[in-house]
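Data block below; observations after.
Throughout, protein chains are lettered first and strands after them, A, B, ... in sequence-line order, and every chain is numbered starting at 1.
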Amino acid sequence: MTTTPVVTRFAPSPTGFLHIGGARTALFNWLFARANGGKFLLRIEDTDRARSTPEATEAIFAGLKWLGLDWDDEAVSQFERIERHAEVAQELLAKGAAYKCFSTQEEIAQYRETAKDEGRSTVFRSPWRDATDLPDAPYVVRLRAPRDGETVVEDVVQGRVAWKNETLDDLILLRSDGTPTYMLAVVVDDHDMGVTHVIRGDDHLTNAARQVLILDAMEWSRPTYAHIPLIHGEDGAKFSKRHGAPGVEDYRDMGYPAEAMRNYLARLSWSHGDEEFFTTEQAIEWFGLDTISKGAARFDFKKLDNLSGQHLRAMDDVELTELLTDYMALQQMPVPNQDTRAKLTVAMPALKDRAKKIPDLLEMGHYLLTARPIEMDEKAAAQINDVSRGMLERLTVRLRNANWSHNDLEAAIKAFAGEEELKLGKVMQPMRSVLTGRSTSPSIFDVLVHLGREESLARIDDMLAAA
RNA sequence: GCGCCCUUCGUCUAGUGGUCUAGGACGUCGCCCUUUCACGGCGAAAACACGGGUUCGAGUCCCGUAGGGCGUACCA
């Protein structure tokens, strides 16, 4: 027995951006290919010229790259293969497996209407299926589909799915303008590209029945099908724009690391026991079509946030600093210089401890990214009054003589609070305001150390001078 | 309308006839830690859609019902 190498593909239509559902489909295909040492191919389904744009194609490339889903070989343009699609249609015609249908769209619509009125099946039955006397008029090429028996698709996730052939119509292969339909194009392309496993959304499950008919007519072998459930929004309806963030770039912009995104998306309708948090390497090791469930999953931002935080905390500090500066560049923010980056890396353990997304890192590390004079936000400013000002003034005197280490500073400040009979928080919060301009930040002792003696004291002096 | 698919805590899921008085994770609530916010630790509430079968025994198999989804184009 020869083992044929696995070939999967992702085949999006370039009509906008990389949809979150599409991204998950791409991820499954990628994971399966990588898990089996196979190939992951990309095909752009751009045969609908009116809706396809080069920008959308670029957006899909960008989305996949950001997610880290690298594809093998050149991306295939379906549009460029229409000659080949037509060729197959001709072959089918020659074999008698397809026929020319001269019914107009109006006639078809009429047929369906009367069928509906009479309570019959609305599946169109072309009068040209067995006609011998053909007019000289525009025609479409239809598949001569079997009318008896049933068509069965063995799907690795859905199981055995069967349709009575009488419910399937003679689908159109070539339109009256000679261009191929989607049904024909997918089948031909998948075959020519050597795709062994078709992993796609279960909105294509019904299409599989008709595609299999084309395959059979051409006497081509069938790929393994895996129709995976769709991703729904938090309200249970198909994930769309009104759910807030339909495109992968939205998640990039919100500051989720790609690794967290892969982890979260992988866990939607797929699982490996109780594993929740894992690396991409582990996902590749564990992934299998047999552990995909049939039910649609709802997208849950809360869980994504949690996973994202875990990934942030697991990341290396230098790597995280890079991720942070890349994000700042992406958001058109001034990118910190080498010196500031070094400080960010040092502070990173404290910053990442309380972050879920990259912008949280930015917020936490704000004190390192801002220069004197510090601007306080509203909550921070509320901490400053005559009492806290006086307190800080007395504290500063102590600080000037303190040894500038985390432990010594902590000891000095605690001693001060004790003498003033103040709860530590009463001392810390005003300090936080003055040093960071925020009401939340890493530990003040850390902040003092990160900032250094000179900068810390200067920030306090600024405030006192402004009084 | 017709066809196909789906249905375990609020959410993601484990579960492949007995070990399920149903496990984990997120979220929620409580307690602890604590200078804020987080993180972390401990604990709690919380589900087999419903009804029939099959079986000694069903979350697990079969059939209905209900609910949801997808499809039903000379779109992809």
* Asked: Touch check for A/S121, heavy atoms < 4.0 angstrom, all strands: base, sugar-phosphate only, or nothing?
  -> nothing
* Grab the CH2-C1' distance between A/W270 and B/C12 for me, whole Å please. => 13 Å
* Test: A/R49 cationic atom under 6.0 Å from A/F79 six-membered ring centre, within 45° of axis -> yes
* Which part of the nucleic acid, if any, lies within contact of A/K426, taking any heavy atom under 4.0 Å across all strands shown: a base, the sugar-phosphate backbone alone, or nothing? -> nothing
* Structure fact -> Comparing A/D203 with A/Q158, nearest RNA chain B nucleotide closer to 5' gives the residue A/Q158
* Asked: Given atom CZ of A/F301 and atom C1' of B/G27, what is their separation to the nearest angstrom?
  -> 15 Å
* Asked: Can you tell me how far P of B/G59 sits from NZ of A/K294, to the nearest Å?
  -> 19 Å
* Can you check the A/E410 CD to B/U35 P distance for me, whole Å? -> 8 Å
* Candidate list A/V346, A/L351, A/L435, test side chain to side chain contact (heavy atoms under 4.5 Å, CB included), partner A/H450, passing option -> A/V346
* To do: Could you tell me whether A/H204 contacts a base, only the sugar-phosphate backbone, or nothing, with contacts defined as non-hydrogen atoms closer than 4.0 Å?
  => base
* Are A/D170 and A/R144 within salt-bridge range, i.e. N to O under 4.0 Å? -> no
* Structure fact -> B/C2 -> Watson-Crick or G-U wobble partner, both distances under 3.5 Å, gives B/G71
* Looking at A/W404 versus A/F445, is the centre-to-centre ring distance below 6.0 Å? -> no
* Asked: Which value, in whole Å, describes the distance between the P atoms of nucleotides B/U16 and B/U55?
  -> 23 Å
* To do: Would you mind classifying the nucleic acid contact of A/T151 as base, sugar-phosphate or nothing, using non-hydrogen atoms under 4.0 angstrom?
  => nothing
* Determine the contact category for A/E45: base if any of its heavy atoms lies under 4.0 Å from a base atom, sugar-phosphate if only primed atoms, P, OP1 or OP2 are that close, otherwise nothing. => sugar-phosphate
* Asked: Does the distance from a Lys or Arg side-chain N to an Asp or Glu carboxylate O, for A/R160 and A/E150, drop under 4.0 Å?
  -> yes
* Report yes if a side-chain nitrogen or oxygen of A/S443 is closer than 4.0 Å to either non-bridging phosphate oxygen (OP1 or OP2) of B/U35; otherwise report no. => no
* Asked: Phosphate oxygens OP1/OP2 of B/C2: is one of them under 4.0 Å from a side-chain N or O of A/T167?
  -> no
* To do: Counting heavy atoms from C-beta on, name the nucleotide in B/A76, B/C74, B/U13 closest to the side chain of A/R142.
  => B/C74
* Within 45° of the ring axis of A/F28 and under 6.0 Å from its six-membered ring centre, is that where the NZ or CZ of A/R24 lies? -> yes
* In whole angstroms, how far is the C1' atom of B/C5 from the NE2 atom of A/H227? -> 11 Å
* To do: Can you sort out which residues in residues 82-90 of chain A have a heavy atom within less than 4.0 Å of RNA chain B? Ascending by number, please.
  => none
* To do: Report the base-pairing partner of B/C26 (Watson-Crick or G-U wobble, both distances below 3.5 angstrom), or none.
  => B/G10
* Structure fact -> When A/K116 and A/R313 are each assigned the nearest nucleotide of RNA chain B, the 5'-most assignment goes to A/K116
* When only distance counts, do a donor and an acceptor, one from the side chain of A/K356 and one from the base of B/A38, lie under 3.5 Å apart? -> no
* Asked: With sugar-phosphate meaning primed atoms plus P, OP1 and OP2, does A/F277 contact a base, only sugar-phosphate, or nothing at under 4.0 Å between heavy atoms?
  -> nothing
* To do: Could you work out the separation of B/U13 and B/A46 based on their C1' atoms and round it to a whole Å?
  => 15 Å
* Remember a base hit wins even if backbone is also touched, and classify A/L230 as base, sugar-phosphate or nothing at under 4.0 Å, heavy atoms. => sugar-phosphate
* Heavy atoms under 4.0 Å, any strand shown: does A/S52 hit a base, just sugar-phosphate, or nothing? -> nothing
* **B/C37 - base-pair partner by Watson-Crick or wobble geometry, distances under 3.5 Å** => none
* Could you tell me whether A/N306 contacts a base, only the sugar-phosphate backbone, or nothing, with contacts defined as non-hydrogen atoms closer than 4.0 Å? => sugar-phosphate
* Structure fact -> side-chain hydrogen bond (donor to acceptor under 3.5 Å, both in side chains) test vs A/H227 passes for just one of A/N207, A/D155, A/D203, A/T206, namely A/D155
* Asked: Is any side-chain N or O of A/T206 closer than 4.0 Å to OP1 or OP2 of B/C4?
  -> no
* Asked: Distance between the P atoms of B/G43 and B/A25, in whole angstroms?
  -> 11 Å
* Asked: Do the side chain of A/D274 and the base of B/G23 come within less than 3.5 angstrom through a donor-acceptor pair of N or O atoms?
  -> yes
* Asked: Below 3.5 Å, does any donor atom in the side chain of A/R432 face an acceptor in the base of B/U35, or the other way round?
  -> yes
* Asked: Base, sugar-phosphate, or nothing: which does A/A162 touch, judged by heavy atoms less than 4.0 Å apart?
  -> sugar-phosphate
* Nucleotide of B/A76, B/C5, B/C37 approaching A/T181 most closely (side-chain heavy atoms) -> B/A76
* How would you label the contact of A/V161 with the nucleic acid (heavy atoms, under 4.0 Å): base, sugar-phosphate, or nothing? -> sugar-phosphate
* Asked: Can you list every salt bridge (Lys or Arg N to Asp or Glu O under 4.0 Å) pair that touches residues 429-442 of chain A, not counting sequence neighbours?
  -> A/E363-A/R438, A/D377-A/R438
* Asked: Expressed as a whole number of Å, how far does the C1' atom of B/C26 sit from that of B/C9?
  -> 12 Å
* **Touch class at under 4.0 angstrom, heavy-atom based, for A/T15 against every strand present** => nothing
* Asked: Checking salt bridge (Lys or Arg N to Asp or Glu O under 4.0 Å) for the pair A/D148/A/K164: CA distance, chi angles, key distance, verdict?
  -> CA-CA 8 Å; A/D148 300 320; A/K164 287 193 180 64; over 6 Å; no
* How far, in whole Å, is B/A45 from B/U11 if one measures between their C1' atoms? -> 16 Å
* For B/G64, give its Watson-Crick or G-U wobble partner with both distances under 3.5 Å, or none. => B/C50
* To do: With heavy atoms under 4.0 Å as the rule, sort A/E234 into base, sugar-phosphate or nothing.
  => nothing
* Please work out if A/S439 contacts a base, only the sugar-phosphate, or nothing of the nucleic acid, heavy-atom cut-off 4.0 Å. => base
* Give me the ring orientation class for A/H19 and A/F239: parallel if the planes are under 30° apart, tilted from 30 to 60°, perpendicular past 60°. => perpendicular
* Please state whether the base of B/C39 and the side chain of A/R354 form at least one donor-acceptor pair under 3.5 Å? => no
